[in-house]
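In what follows, a single structure is set out as structure tokens and then discussed.
Note that the structure is a prediction, hence the values are computed from the model and not measured. Numbered from 1 within each chain, the chains take letters A, B, ... in sequence-line order.
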Amino acid sequence: QRNDYMALYYSNNNNNNNTRSRHPAMNERTRQSMVELLYEIGDYCHFRRETVSYAVWNLMDRYLSSSQQSPLMEFTTADYQLVASTSLFIAVKVLEPVSMDVQSLADLSQGAFSADDILDMERTILATLQWRIAHGPTPIQFVQLYLSILQMDGRVLAESE
Amino acid sequence: MENYRIMKQLGQGVWSRTYMGQQKDTDQLVAMKKFKANSCDEGVDFKALREIKLLSYLQHEHIIRLVDSFATPDMAVVLVYEYAHTSLDQILRNRDIPLSSPDIKQHIRMLLLAMDACHEKQILHRELNPENMFYLEDGTMKLRGFDLARMHDGKPNTLLSPQAFALWYKPPEVLMRSQHYSFSADMWSVGCIFAELMLRRPFLMGQFTELSQLDKIFKVFGTPNESNWPDYAILPLAWHSTVPVPPVAAVSLDGIFTAAPNDAISLLKSILVLDPSNRLTASQALRHPYFSNEPPPTPKGNLILSSPPPEAN
């Protein structure tokens, strides 16, 4: 099932390759597919959704928006997927009681990158973020906070009706 | 690594080695913990990542500050901390260092402040002992040893490993194999350290095994029963145990801590309680009259941290 998704994903993006942006692969649509891919892997492995949002907001987006990305460097969809997968790999180490097998994660890319590529990218991401991996707030945390306030005080709920 | 000069090895753990080092540009002393490079292909050590995340989240006057972190070419992760030159363990073992009542009050106060900061941010330390309490030259205590620490959302269904805590500081519920312990578990260790400051030796010294440690605890606090620990019977070790434990009554702490002031014993009695739900929290303990009563805690700058230099002849 996941393989079908990946095939669809690649065919969609191959049509996009003639876009003449600085980084053709770095666009909103690709990001959307990456986020969906990570949530799909996360749900399949029974990780908490919080772990995936940590990977997306705290690692992947921060890394990609860092200034060290040279505009001259070629950045393909496969590179994007490598960054996304590695972000999840790191997030699982930080937040989940289990770890992800790096080889399985590489296999999911159907040959786009290897386990060694993930381990290299892990160090690149951490070095680029200067090892600052503290938890910034993620959207899920805001939702949880609002829900806990509502649960604590039934009146808030009643007033909002 | 090229920014630091390694001066000497300070210690060795199961997963890491600690060195004293110096930042080359500033000559500033640092402590460096090098996680052993993984032989298997799992990349950066997850324990290092978790510790970095916890420490950057937990910035506090009494918690060790992480100065830097990096990976070496051979895939080992190095965490660089501010340098602390002694620990409570070294202070307690050095008989040339006097430890007055106001000194004890300051030491335990700084530990409670660190604990309150951790628990407020939902972090369980799980390895409190005098070896993890470090001191800067100005007397500021810095809590270290967050290897086993973890985020705890306080939900009762979160499972926690009983493989944490050093034996003499291990709370009874963890010794009874509870997997649902919480912040009160750290408080038991705080109580043991408080007792150790007053006795100047570890308070509950079990002999190597967890059963011996439980035995020590029960001999002082009495065996658990319906009244002193209502939830005791559902703990795994109590549930599975077929050997009946002959009931023992609690002894009075006043008889053990004969030199300690009454308010100190009163605080100790409210922290070292068998039933975890009846132990004071760190913030409650800080509001105990012991801290507002005379004498005030010794200003941290006046704490004696090392033996006085030998007198010149």
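- Of all heavy-atom pairs between B/K53 and A/V94, the closest is CD-CG1, 3.1 Å.
- A 4.5 Å side-chain heavy-atom check between B/V77 and A/W131 finds at least one atom pair inside the cut-off.
- Among residues two or more places apart in sequence or in another chain, the salt bridge (charged side-chain N to carboxylate O under 4.0 Å, His left out) test is passed with A/D43 by A/R49.
- Checking side-chain atoms of A/K93 against main-chain N and O of B/E42 turns up a donor-acceptor pair under 3.5 Å.
- Remark: side-chain polar atoms of A/R123 are paired, donor with acceptor, to backbone N or O of B/T72 under 3.5 angstrom.
- In B/Q284, the CD atom is crowded: over 12 heavy atoms of neighbouring residues, nucleotides or ligands sit closer than 6.0 Å.
- When the salt bridge (charged side-chain N to carboxylate O under 4.0 Å, His left out) test is applied to B/D147, the partners found at least two apart in sequence or on another chain are B/K33.
- Of the two parts of A/I118, neither the backbone nor the side chain holds a non-hydrogen atom closer than 4.5 Å to a non-hydrogen atom of chain B.
- Formation of a donor-acceptor pair under 3.5 Å by the A/E122 side chain with backbone atoms of B/V44 is found in this model.
- Going from atom CD1 of A/I133 over to atom CG of B/L49 covers 4.5 Å, rounded to the nearest 0.5 Å.
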